[in-house]
Amino acid sequence: MANILVVAEVVLGRVKKATLSAITFARQTGSPFSVLVLGTGARDAAAEVEAFGAQKVLVCDDASLADQVCERFAPTIAEVARKGFDVVVVTASSFGKDVAPRVAAKLGAGYAADIAGVASEGGTLVYKRPVFAGNAFAFCEITTATQVVSVRQSELPAAEPSGGASPREEVPLAAADPAAGRVEYIGLEAQKSERPDLGEARVIVSGGRALKEQFAQVLDPLANLLGAALGASRAACDAGYAPAELQVGQTGRVVAPQLYFAIGISGASQHLAGMKGSQTIVAVNKDAEAPIFQVADYGLVADLFVAVPQLVTELQKSQA
Amino acid sequence: MKILVSLKRVADPDNANKVKVTSGKIETTGLEWKPNPFDEYALETALRLTENGANTKARLGEVVVVTFGPKETETTLRAALATGADRAIRVDAADDTLDGDLVARALAALVAKEKPDLVLVGKQAVDGDANQVGQLLAEYLGWPQATFAGSIQSEGDKSLVVGREVDGGTLKLRVTLPAVVSVDLRIVAPKSVRSVHTPATHNYADGVRFAALMAIMAAKKKPLAEVKLADLAPDTALRIKYLRAELPPSRKAGIKVKSVEDLVQKLKTEAKVL
Ligand SMILES: Cc1cc2nc3c(=O)[nH]c(=O)nc-3n(C[C@H](O)[C@H](O)[C@H](O)COP(=O)(O)OP(=O)(O)OC[C@H]3O[C@@H](n4cnc5c(N)ncnc54)[C@H](O)[C@@H]3O)c2cc1C
Ligand SMILES: Nc1ncnc2c1ncn2[C@@H]1O[C@H](COP(=O)(O)O)[C@@H](O)[C@H]1O
């Protein structure tokens, strides 16, 4: 039986919901697990993960962890992992994927990214992960004693609390990598938005190249009405119609909301890789042959510039 | 500035012949080979960082490309030389004898020999989508890393300001060289990469450059060395073992709705998501 260390992702003093999928992963292995909460504000954030049945909630709260510089996070994660953990689990976010291989290299561990499932086969953990932009799933085993994985929020449901409160333990901050002295954090440029995070939204309204400069003008009313997050195809981001952080796909965010609107998106495999786990998919496209219709539960062949405003009106009517 | 660029040849999952799984194994026969797109972007980035933009012939530094693969991958290296790289190295290995950790350890040994100021890698290889070689390499070298770079500005060949594409936006870091940088899609936009030598007014064409016919001929004469994997990494044990593969459950196409009213009705009563 393995001992699992789940590394919580802390952003602005809150635990990201993706962490709960990492806890689900830990539970699926059937092994005991602890959660490491590290970052600035980790002491307060730790309360968010104390009721999930972890053996321990380990806390490292330090001002030097305010910015996501992996050369500062990796040494502490590795140091904690060395205290008897076999599998280190991070979220498959840009933070997790940046830091996890560095931790693996420190531990002499193998690392596998984007885990979509885990099962114990004859005592070894077998990991399921998407390859070729989600065109296939591969099953692999990590051959080293210590293992590091990043886990996909879109593939594993968020864990529900199991009650009680795990005992807390403070862990010391390990010295930063010497390389940290050669990294200067300048800042995070983010589009100010009141909308939910793409990874946490129940509804996502995504737009493609077809929206042109009217991206926000056409999609905002629909997203506002549904309390949805906005998403975009690569083509829409590349053209500057939508900010880069909205990109959904193989190289963008991987999402699985209850309801996903693909509006003016053709449905290239790299885009599908990021959203085909969604519960219900709606596509609006004027080309009846667009590949997006092959994955859509409900397809509407129409000009989006007519259909989306109509949809807004129709929804307003039904909400009234 | 001397830059080492890693370049992987991958089976293209995106052409007419889709990925197939036969008896639990992924079949790459029938798929087209192409350079990993992120590595093409890394090469373009390296070229932009070592020129002034106006005169792409005068290279201000050296760009060395390296691949791990069988003899056939020399085609990929020749193409990179034709696009502007100065020198190529092929580390001889069959694809299934490699994993990210082994590639990273061998690259670290190569870096010790070549002493580049910067290693540019793709953010991920689009076959295995493993997303780790750059980060592993940085740790093995004890160098800073800047992953998922969407923009790079060089400052006097001493440091780089890198705009990293992260979930919450663009995270800017200044890294002091030598460093490892992994590149993301938008690195090849017209203004994404600026060397200290690039005039502020210069705009690149969107995307990667193509080799001119003359350059393709000239590339045949550029140096291409072959290195044995075991000379770089004595321990060739793999840390990841692939057992089997399967196709994802195909999502069955749903229905076409006739109108917006019909759609809203179905979302409410059938899918029950509104
Ligand atoms: C290495 C690599 C990684 C990639 N990663 C990603 C990724 O992460 N995410 C991603 O999305 N893409 C990614 N791509 C790009 C992908 O291959 C496609 O190019 C991209 O998804 C296309 O975006 P699009 O559907 O918006 O544009 P297009 O393919 O141009 O499609 C536009 C669609 O809009 C429809 N349309 C036009 N006008 C109207 C109208 N008035 N009303 C209704 N419909 C209309 C058209 O019929 C068409 O189907 C990647 C590519 C590569 C090579
Ligand atoms: N066999 C290889 N040959 C050359 N470069 C490689 C190889 N495998 C991985 N890389 C480099 O490492 C990057 C990340 O790959 P990966 O971690 O496998 O997704 C790629 O974009 C390449 O630049």
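Reminder, nothing fancy here: chain letters follow the sequence lines and each chain counts from 1.
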Discussion item. At under 4.5 Å between heavy atoms, what parts of residues 146-162 of chain B are in contact with chain A? List them by residue number.
Written reply: B:Thr147, B:Phe148, B:Val161
Item to complete: With chain A as the partner chain, list the residues of residues 35-45 of chain B whose heavy atoms fall under 4.5 Å from it, by residue number, and write 'none' if nothing qualifies.
Response: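 From residues 35-45 of chain B, the residues near chain A are B:Phe38, B:Tyr41.
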Is [X] close to chain A through its backbone or its side chain, or both, or neither, when contacts mean heavy atoms under 4.5 Å?
| X | answer |
| --- | --- |
| B:Leu137 | neither |
| B:Ile240 | both |
| B:Gln124 | side chain |
| B:Lys252 | backbone |

Which bit of [X] comes within less than 4.5 Å of chain B, counting heavy atoms only: side chain, backbone, both or neither?
| X | result |
| --- | --- |
| A:Ala296 | backbone |
| A:Lys317 | neither |
| A:Glu141 | both |
| A:Val308 | neither |
| A:Arg102 | both |
| A:Val282 | side chain |
| A:Gln250 | both |
| A:Arg234 | both |
| A:Leu246 | neither |
| A:Ile142 | both |

Worksheet item: Which residue out of B:Glu246, B:Glu261, B:Lys266 racks up the most heavy-atom pairs below 4.5 Å with chain A?
Response: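 Option with the top pair count is B:Glu246.
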Item to complete: State which residues pass side chain to side chain donor-acceptor pair (under 3.5 Å) with A:Glu121; sequence neighbours excluded, sorted by chain then number.
Response: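 Side chain to side chain donor-acceptor pair (under 3.5 Å) check on A:Glu121 returns B:Arg244.
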Response to the item:
By side chain to side chain donor-acceptor pair (under 3.5 Å), B:Lys191 pairs with (sequence neighbours left out) B:Asn203
